[in-house]
Amino acid sequence: MRIGVCYALAAAMLFGVSTPIAKVLVGDIAPVLLAGILYAGSGLGLGVWVAFRRVTVRAAGRPGLAPGDYPWLGGAVLLGGILGPALFMIGLARVPASVTSLLLNLEGVLTVLLAWFAFKENFDRRVLLGMVLIVCGGLLLGFQPGEIDLSWSAGAIALACLCWALDNNLTRRISGADPVQIAAIKGAVAGAVNLSVMAVLGVDFPAPKLVAGAALVGLLGYGVSLALFVAALRELGTARTGAYFSTAPFIGAACSFALLEGSPGSAFWIAGALMACGVVLHLTERHQHAHGHETLSHQHGHSHDEHHRHQHDFAWDGTEPHVHDHEHEALKHSHTHYPDIHHRHGH
């Protein structure tokens with residue numbers, strides 16, 4: 001299995017598990033305050049890891065952010081780290097869990113549609129059918145007759161999904177940089193903004209034990225999950241990563257049964273089967289054609305495969321993968337590929 005697929009599914013698992021836990025916590029913590037704690041936990045935890053890694057691992061071992069990356073990162077932080085979580089937590093406090101699971105499918109749908117039609121990422125009928133099956137599974141999973149309520153709270157969750165979809169597509173532009181650093185910056189900024197707003201409004205903070213628990217959920221379900229998601233974006237592109245990540249509601253529903261109440265019915269298992277079929281279609285995709293690479297200079301972790309046959313102007317000990325500024329010469333060839341950071345060409 002391609003490593004990017006593993007990253008995307010692991011990200012979905014961590015985020016899916018965090019949703020029912022957040023549903024429990026939102027009963028005891030104000031929604032926007034909870035969003036701030038979740039992201040602050042993410043930023044603090046990952047920030048500590050980045051600092052520790054810099055001390056213990058050579059500095060050249062990780063790609064950094066280029067000056068041109070910061071506008072994209074700023075947009076991603078604003079949409080995905082500040083507006084999206086705040087809107088989601090506001091809606092989560094007032095919308096039934098089943099409707100929340102249903103609405104969360106919008107993130108995957110909007111992510112893919114934006115990637116395909118706004119950012120011109122390639123897809124074929126197999127990828128399209130796989131995405132349709134995954135989305136249908138999510139819709140079946142969340143649908144409860146009589147519970148659909150097009151209230152402003154449901155609208156808040158829908159807007160949160162749009163913010164995250166835009167965030168996903170913006171983050172793809174900087175996915176060659178260190179995923180942990182990107183997730184740490186987003187968590188730190190988003191957490192600081194949301195917590196500052198709550199402090200200015202005079203919202204009371206919960207007990208330290210509750211804050212610590214929420215911060216841990218944020219570290220794993222938002223921070224580590226986001227870092228894995230960014231790594232998947234680099235390997236798979238936005239639409240395919242979004243499709244795999246769309247399995248998160250199924251994982252969240254399974255955890256809800258374990259943490260909250262109820263037992264899975266037939267709809268749960270049918271939804272799981274539909275999603276599994278969609279994932280299999282994506283896993284068995286073989287996209288191959290003659291394509292050209294234009295001259296490109298960038299920095300990211302790499303091994304010396306057919307796309308990285310360059311010389312070094314520094315002493316290199318032969319360790320792979322490694323990171324440095326390097327240039328790709330123009331190249332034309334044919335092989336199986338995904339729309340990763342080296343294959344963002346037109347068709």
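For the single chain, residues carry numbers from 1 onward in sequence order. Note that the coordinates shown come from a computational prediction; the quantities given were computed from them, not determined experimentally.
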Cluster check [X], [Y]: I/L/V/M/F/W/Y, side chain < 4.5 angstrom:
X	Y	value
Met13	Val280	no
Leu44	Val189	no
Ile3	Leu14	yes
Leu210	Ile37	yes
Leu159	Ile90	no

ask   = Can a salt bridge be assigned to the pair Lys186 and Asp167 using a cut-off of 4.0 Å between side-chain N and carboxylate O?
value = yes
inquiry  = side-chain contact (heavy atoms from CB on, under 4.5 Å), that's the test. Do Leu274 and Ile134 meet it? Break it down for me.
reply    = CA-CA 6 Å; Leu274 288 171; Ile134 292 171; over 6 Å; no
Could you measure the distance from the [atom1] atom of [X] to the [atom2] atom of [Y]? Nearest 0.5 Å is fine.
X	Y	atom1	atom2	answer
Glu235	Ser175	CD	OG	9.0 Å
Leu226	Leu46	CG	CG	8.0 Å
Tyr39	Ile82	OH	CD1	10.0 Å
Asp69	Ile185	CG	CD1	10.0 Å
Leu166	Thr171	CG	OG1	10.5 Å
Cys161	Phe88	SG	CZ	7.5 Å

Verify, without hydrogens or angle tests, whether [X] (side chain) and [Y] (backbone) share a donor-acceptor contact under 3.5 angstrom.
X	Y	value
Ser42	Leu219	no
Arg126	Leu281	yes
Trp164	Gly80	yes
His282	Val127	yes
Thr241	Ala232	yes

message = Walk me through whether Thr238 and Phe119 qualify under side-chain contact (heavy atoms from CB on, under 4.5 Å).
response = CA-CA 9 Å; Thr238 310; Phe119 293 88; over 6 Å; no
Looking only at heavy atoms, what is the nearest atom pair of [X] and [Y], with distance?
X	Y	value
Gly221	Ser18	CA-CB, 3.8 Å
Ile174	Ile182	O-CD1, 3.4 Å
Trp116	Glu121	CD1-O, 3.5 Å
Leu236	Ala8	CD1-CB, 4.4 Å
Ala184	Gly47	CB-N, 4.0 Å
Leu228	Ala10	CD1-CB, 3.7 Å

request  = Would you please test Ile157 and Leu87 for side-chain contact (heavy atoms from CB on, under 4.5 Å) and show each step?
outcome  = CA-CA 6 Å; Ile157 294 178; Leu87 289 166; over 6 Å; no
message = side-chain contact (heavy atoms from CB on, under 4.5 Å) for Phe245 and Ser225? Distances and angles first, verdict last.
response = CA-CA 10 Å; Phe245 194 76; Ser225 176; 3.9 Å; yes
Under a 4.5 Å cut-off applied to non-hydrogen side-chain atoms, are [X] and [Y] in contact?
X	Y	result
Met131	Ser246	yes
Thr111	Arg172	no
Phe229	Tyr7	no
Arg53	Val180	yes
Asn168	Glu107	yes

key: Partner of Met198 under side chain to side chain contact (heavy atoms under 4.5 Å, CB included), chosen from Val193, Asp204, Leu33   = Leu33
